[in-house]
A.B. asks: 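Please read through the structure below; I'll follow up with questions.
Each chain gets a letter, A, B and so on, in the order the sequences are listed, and its residues count up from 1.
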Amino acid sequence: MTTVSPRVIASATSWIEGEAVRQLERTAALEGVRMAVGLPDLHAGKGHPIGAVFGTEGLIYPFLVGGDIGCGMALFSTDLSARKPKRDRWTTKLRGLDGPWEGDAGAYLAERGLAPSDFDGSLGTIGGGNHFAELQSIDAILDEPVAAALNLDPSRLVLLVHSGSRGLGESILRAHTERFRDGPLALGTPDADDYLRRHDHAMQWARASRALIAERFAECLGAVLSPVLDIFHNSVTPRDQLWLHRKGAAPADQGPVVIPGSRGHHSYLVVPQGDVASSGFSLAHGAGRKWTRSDARARLKPRLRPEDLVRTELGSDVICEDRDLLYEEAPDAYKSIDRVLADLQEAGVARPVARLRPLITYKTRGRDGD
DNA sequence: ATGTGC
């Protein structure tokens, strides 16, 4: 059996944890894997790395997509003026997003041609972990023509939503794992067809949920939205003769993507360029974790109070009433988004279009909703 | 990541 050598898209000065590279190598050695690439935000996950793409032939591995099938980033422009942001007022008005949507989720999904599921009560909710909805200003335009083609207007704020398929994707992976553990599915078999059908449903559910999160957020502020882009970073999809398993990897073959920094740093809108096959048709999906969740709590609790974390270095507000989550998701727990972007630029696979600056990040109002 | 786990 031939083993492919994984490529890591990162300069020598970028810190990549040894365990993440070992996970990349082990995963690259799985049966049927023909291509493995670590993106600059590569970090260790639970057995397999995050910030990576694996191309297989003949087989698919549901665990390489993970439980949050269809997780991704959606960007919307708003009619809110960037010139005089009413940050305090908006921060007060942003509530009620944690609980179930009061509207008819089944009808919302049906309008998009989607069948109902047992998890539709979570549609339009952000969820936990690194998920968020963030109001941002367009700090700098770095590629005028591309920005203009996307109708980006620096005088208006934008809304970035990071969320996925909540309990739905998790249930799909669990059903697979109960029968096959961490085993693959052979393409063309009924089991593979069944998984891919459910996977595609979870993808579209996640996209619909991001749109609904944005609508609920905008409704709190009385804002009007218009969609700019929506991209998946957890998925398995065919490309040429390979099946690309993206686990925390943005597509490089579907136009512009947003790469979020930490909640205290900028995000970048970038456009893929050059030989994107060299990076597995993929780009980084974020800054990447530097510290595990437990490390972040242990290191930061002694030196930072929650009050220090709800206002960031860039002067943005973070709405996060879950104390532990505030530490786990602190900007210091993440690598530098500028380094990640520089690595992609040096590899010749992406160039920046706009720099986005956080104004208000909504994580959670707490377990009781609001 | 998780309508989260005893």
A.B. asks: Quickly work out the Leu325(A) CG to dT2(B) P distance and round it to whole Å.
C.D. replies: 10 Å
A.B. asks: For His131(A) and dT4(B), what is the distance between atoms NE2 and P respectively, to the nearest whole Å?
C.D. replies: 16 Å
A.B. asks: Base, sugar-phosphate, or nothing: which does Gly129(A) touch, judged by heavy atoms less than 4.0 Å apart?
C.D. replies: sugar-phosphate
A.B. asks: May I have all residue pairs that pass salt bridge (charged side-chain N to carboxylate O under 4.0 Å, His left out) and include part of residues 66-92 of chain A, sequence neighbours excluded?
C.D. replies: Arg87(A)-Asp317(A)
A.B. asks: Between Asp322(A) (CG) and dT2(B) (P), how many Å, whole number?
C.D. replies: 12 Å
A.B. asks: Should Arg246(A) and Asp253(A) count as an ion pair when the cut-off is N to O under 4.0 Å?
C.D. replies: yes
A.B. asks: Residues two or more places apart in sequence or in another chain: which of them pass side-chain contact (heavy atoms from CB on, under 4.5 Å) with Ala277(A)?
C.D. replies: Asp275(A), Phe281(A)
A.B. asks: Assign Gly127(A) to base, sugar-phosphate, or nothing according to its heavy-atom contacts below 4.0 angstrom with the strands shown.
C.D. replies: sugar-phosphate
A.B. asks: side-chain contact (heavy atoms from CB on, under 4.5 Å) with Asp324(A): which residues, sequence neighbours excluded?
C.D. replies: Arg297(A), Lys301(A), Asp322(A), Glu328(A)
A.B. asks: Hey, does Asn234(A) reach any base, or is it just sugar-phosphate, or nothing, if we go heavy atoms under 4.0 Å?
C.D. replies: nothing
A.B. asks: Considering only residues two or more places apart or on different chains, which pairs with a residue in residues 258-269 of chain A satisfy salt bridge (charged side-chain N to carboxylate O under 4.0 Å, His left out)?
C.D. replies: Glu134(A)-Arg263(A)
A.B. asks: Any residue in residues 165-180 of chain A with a heavy atom nearer than 4.0 angstrom to DNA chain B? Just list them by number, or reply none.
C.D. replies: Arg166(A), Gly167(A), Glu170(A)
A.B. asks: Could you tell me the separation between the CZ atom of Phe63(A) and the P atom of dT2(B), rounded to a whole number of Å?
C.D. replies: 21 Å
A.B. asks: Tell me, please, which residues at least two apart from Val236(A) pass side-chain contact (heavy atoms from CB on, under 4.5 Å).
C.D. replies: Ile60(A), Val65(A), Tyr195(A), Leu196(A), His199(A), Trp243(A), His245(A)
